[in-house]
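See structure below.
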Amino acid sequence: MSTKEILEKQHLEKEDIKHLLSTTGREMEMLLHKALEVKLNRLDNYVHLRGLIEFSNICRKSCLYCGVRSKNSKVERYTLTEEEVIECARLAHQLGYGSVAIQSGERNDPAFVEQITRLVRRIKEIDHGSLGITLSLGEQSDETYRQWFEAGAHRYLLRIEASNEELYYKIHPHDEQHDFHRRLACIDSLLNIGYQTGTGVMVGLPFQTLDNLADDLLFFRHKDVAMVGMGPYIPHPDTPLYQYADQIPSVKERMELTLKMIAILRLMMPEINMVAATANQTIDPLGREKAIAAGANVIMPNLTPNQYREDYLIYPDKACVSDKPEECYTCLDIRMKAIGHQILYNAWGDSVAFTKKKK
Ligand code: SAH
């Protein structure tokens with residue numbers, strides 16, 4: 001079957017996905033263009049913002065790719081104060097961002113759990129609950145997820161990182177702390193509780209094949225998630241996985257592969273929310289625009305106070321680390337208009353797929 005014929009299909013099978021993942025040049029352009037068309041038809045040209053608050057880089061895990069892994073002793077550890085978080089949230093509200101996303105290294109101790117509950121409640125108090133709240137705080141117990149949901153968080157991001165168990169254990173230590181099946185169970189628990197649940201993977205990992213990537217996309221569809229985040233893997237020199245940095249696809253290839261993943265998923269799940277990850281912009285100055293033009297519809301501008309940002313380097317040379325939030329605001333608005341999109345201010349920007357399913 002030709003690329004053109006595959007792009008007309010209603011339901012993509014694994015072989016179709018693999019074909020689309022291997023397109024280049026004009027055929028790849030056809031795919032990206034089709035995904036944009038589908039997005040504009042189903043979701044219009046809106047881009048939703050989530051003000052990102054990187055709450056803490058203290059982490060109990062040691063993921064082999066991540067710069068803030070607990071075993072990286074070069075990192076200075078920090079946790080924002082509650083007042084700092086609330087200030088960030090107020091700023092998000094003032095800038096019209098509509099939602100905040102709190103992300104952090106993974107901690108499970110009761111003090112942490114309680115602190116997040118308090119923060120969620122306090123953010124909900126800003127202008128009578130006008131801010132949407134996304135959490136991205138790793139693996140937690142069902143009870144903790146429930147407690148945060150009841151406090152007012154309504155979206156949760158937990159990337160599976162690799163939906164293939166074998167690959168998962170090539171990029172994580174194989175021990176008690178890093179358990180593929182527990183991560184899967186966490187995603188199920190989030191879906192059950194009623195969160196708008198997001199997952200995702202890194203693209204261009206060492207050992208990752210096109211077959212793996214096709215399975216990742218099928219996994220998202222099978223789980224029927226509301227949101228997906230996919231970005232290029234960026235080797236961090238202070239991590240064990242860095243030793244394979246010469247075995248991964250080039251920057252250009254990783255960017256293209258990410259765009260194809262986004263575009264194919266837009267065809268498979270036309271109404272989910274998909275983020276144009278900051279990692280895209282880190283490897284390509286126009287990476288976020290390209291991701292939006294390939295079917296993504298969410299951007300997460302960083303609101304973390306500038307003095308902490310250098311310590312939340314999950315990967316090196318992260319984009320926008322020195323930008324002030326106000327600069328980011330204007331910059332994004334202009335960048336989105338330049339590609340024919342508009343930011344929808346003062347709205348939660350929920351996943352349309354999720355909202356329809358709930359009805
Ligand atoms: N502790 C939270 C948040 C992790 S950071 C959790 O476990 O969900 C958010 C995402 O950054 C991760 O899910 C991972 O996919 C991505 N990430 C981490 N290191 C990266 C790297 N070196 N290159 C690209 N993305 C990376």
Side-chain angles (χ1 to χ4, degrees), residues 50 52-72 75 77 79 101-108 112 116 134-140 144-145 148 153 155-163 167-168 170-173 177-180 182-184 186-187 189-190 195 197-206 208 213 216 220 225 227-245 248-249 251 254-255 257-258 261 275-284 287 291 300 302 304 309 311-319:
R50 322 281 183 231
L52 176 65
I53 306 171
E54 294 157 334
F55 176 61
S56 173
N57 63 1
I58 299 177
C59 191
R60 66 184 193 97
K61 291 198 155 182
S62 257
C63 306
L64 302 178
Y65 45 84
C66 183
V68 305
R69 64 200 301 271
S70 61
K71 293 207 173 108
N72 182 6
V75 176
R77 304 287 162 173
T79 300
I102 307 179
Q103 192 176 84
S104 175
E106 194 172 299
R107 270 177 63 189
N108 312 107
F112 177 81
I116 297 294
T134 307
L135 299 180
S136 177
L137 308 169
E139 293 164 31
Q140 304 288 342
T144 298
Y145 285 146
W148 292 342
R155 306 189 188 107
Y156 203 103
L157 303 172
L158 187 72
R159 288 187 178 178
I160 187 67
E161 316 294 3
S163 67
L167 179 59
Y168 186 89
K170 286 185 178 152
I171 62 169
H172 297 94
Q177 303 254 58
H178 305 79
D179 184 326
F180 177 70
R182 192 179 53 223
R183 202 155 179 95
L184 279 180
C186 282
I187 294 173
S189 153
L190 292 164
Y195 278 100
T197 304
T199 187
V201 294
M202 284 171 285
V203 180
L205 287 163
Q208 190 181 47
L213 289 170
D216 290 335
F220 306 149
V225 291
M227 323 182 287
V228 169
M230 296 181 282
Y233 161 63
I234 304 173
H236 191 301
D238 303 321
T239 61
L241 219 56
Y242 192 76
Q243 61 185 297
Y244 305 107
I248 61 170
V251 165
R254 270 178 285 150
M255 187 70 217
L257 208 46
T258 304
M261 287 289 280
V275 67
T278 309
N280 289 302
Q281 204 197 351
T282 298
I283 65 165
D284 179 337
M300 297 171 68
N302 201 338
T304 311
R309 292 191 194 178
D311 296 320
Y312 200 85
L313 293 185
I314 44 187
Y315 47 81
D317 305 317
K318 216 162 107 200

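Indexing begins at 1, ligand by ligand and atom by atom, following the structure's order.
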[atom]: the protein heavy-atom neighbour that sits closest, reported with distance to 0.1 Å:
{"atom": "atom 3 (C) of ligand 1", "value": "S104 O, 3.7 Å"}
{"atom": "atom 7 (O) of ligand 1", "value": "R183 NH2, 3.3 Å"}
{"atom": "atom 19 (N) of ligand 1", "value": "Y65 CD1, 3.4 Å"}
{"atom": "atom 11 (O) of ligand 1", "value": "I314 CD1, 3.5 Å"}
{"atom": "atom 23 (N) of ligand 1", "value": "I234 N, 3.0 Å"}
{"atom": "atom 12 (C) of ligand 1", "value": "E161 OE2, 3.4 Å"}
{"atom": "atom 25 (N) of ligand 1", "value": "M202 SD, 3.5 Å"}

Taking the six-membered ring for Trp and the single ring otherwise, decide whether the centroids of Y233 and Y65 are under 6.0 Å apart. no
Main-chain N/O of S56 paired to S104 side chain as donor or acceptor, under 3.5 Å: yes
Do the side chain of Q103 and the main chain of L52 share a donor and acceptor less than 3.5 angstrom apart? no
For [X] and [Y], work out which heavy atoms get closest and say how close.
{"X": "K61", "Y": "R183", "result": "NZ-NH1, 3.8 Å"}
{"X": "P206", "Y": "Y244", "result": "CB-CB, 3.7 Å"}
{"X": "V68", "Y": "I314", "result": "CG2-CG2, 4.0 Å"}

Check ligand 1 against [X] and write out every atom of the ligand that is under 4.0 Å from a heavy-atom position of the residue.
{"X": "Q103", "answer": "3 (C), 5 (S), 9 (C)"}
{"X": "R159", "answer": "13 (O), 14 (C), 15 (O), 16 (C)"}
{"X": "G138", "answer": "2 (C), 6 (C), 7 (O), 8 (O)"}

How long is the span from the NE2 atom in H178 to the OG atom in S62, to the nearest 0.5 Å? 5.5 Å
Go through it in stages, so that I can follow the logic: the residues are T239 and N72, the test is side-chain contact (heavy atoms from CB on, under 4.5 Å), and I'd like the CA-CA distance, side-chain angles, deciding distance and then a yes or no. CA-CA 7 Å; T239 61; N72 182 6; 5.7 Å; no
If the contact criterion is a heavy-atom separation under 4.0 Å, does M230 count as touching ligand 1? no
Does the residue P232 have a heavy-atom contact with ligand 1, meaning some pair of atoms that are separated by less than 4.0 Å? yes
If we set the cut-off at 4.0 Å for heavy atoms, which region of R69 has an atom near ligand 1: side chain, backbone, both, or neither? neither
When the ring planes of H172 and Y168 are compared, do they come out parallel, tilted or perpendicular, using 30° and 60° as the limits? parallel
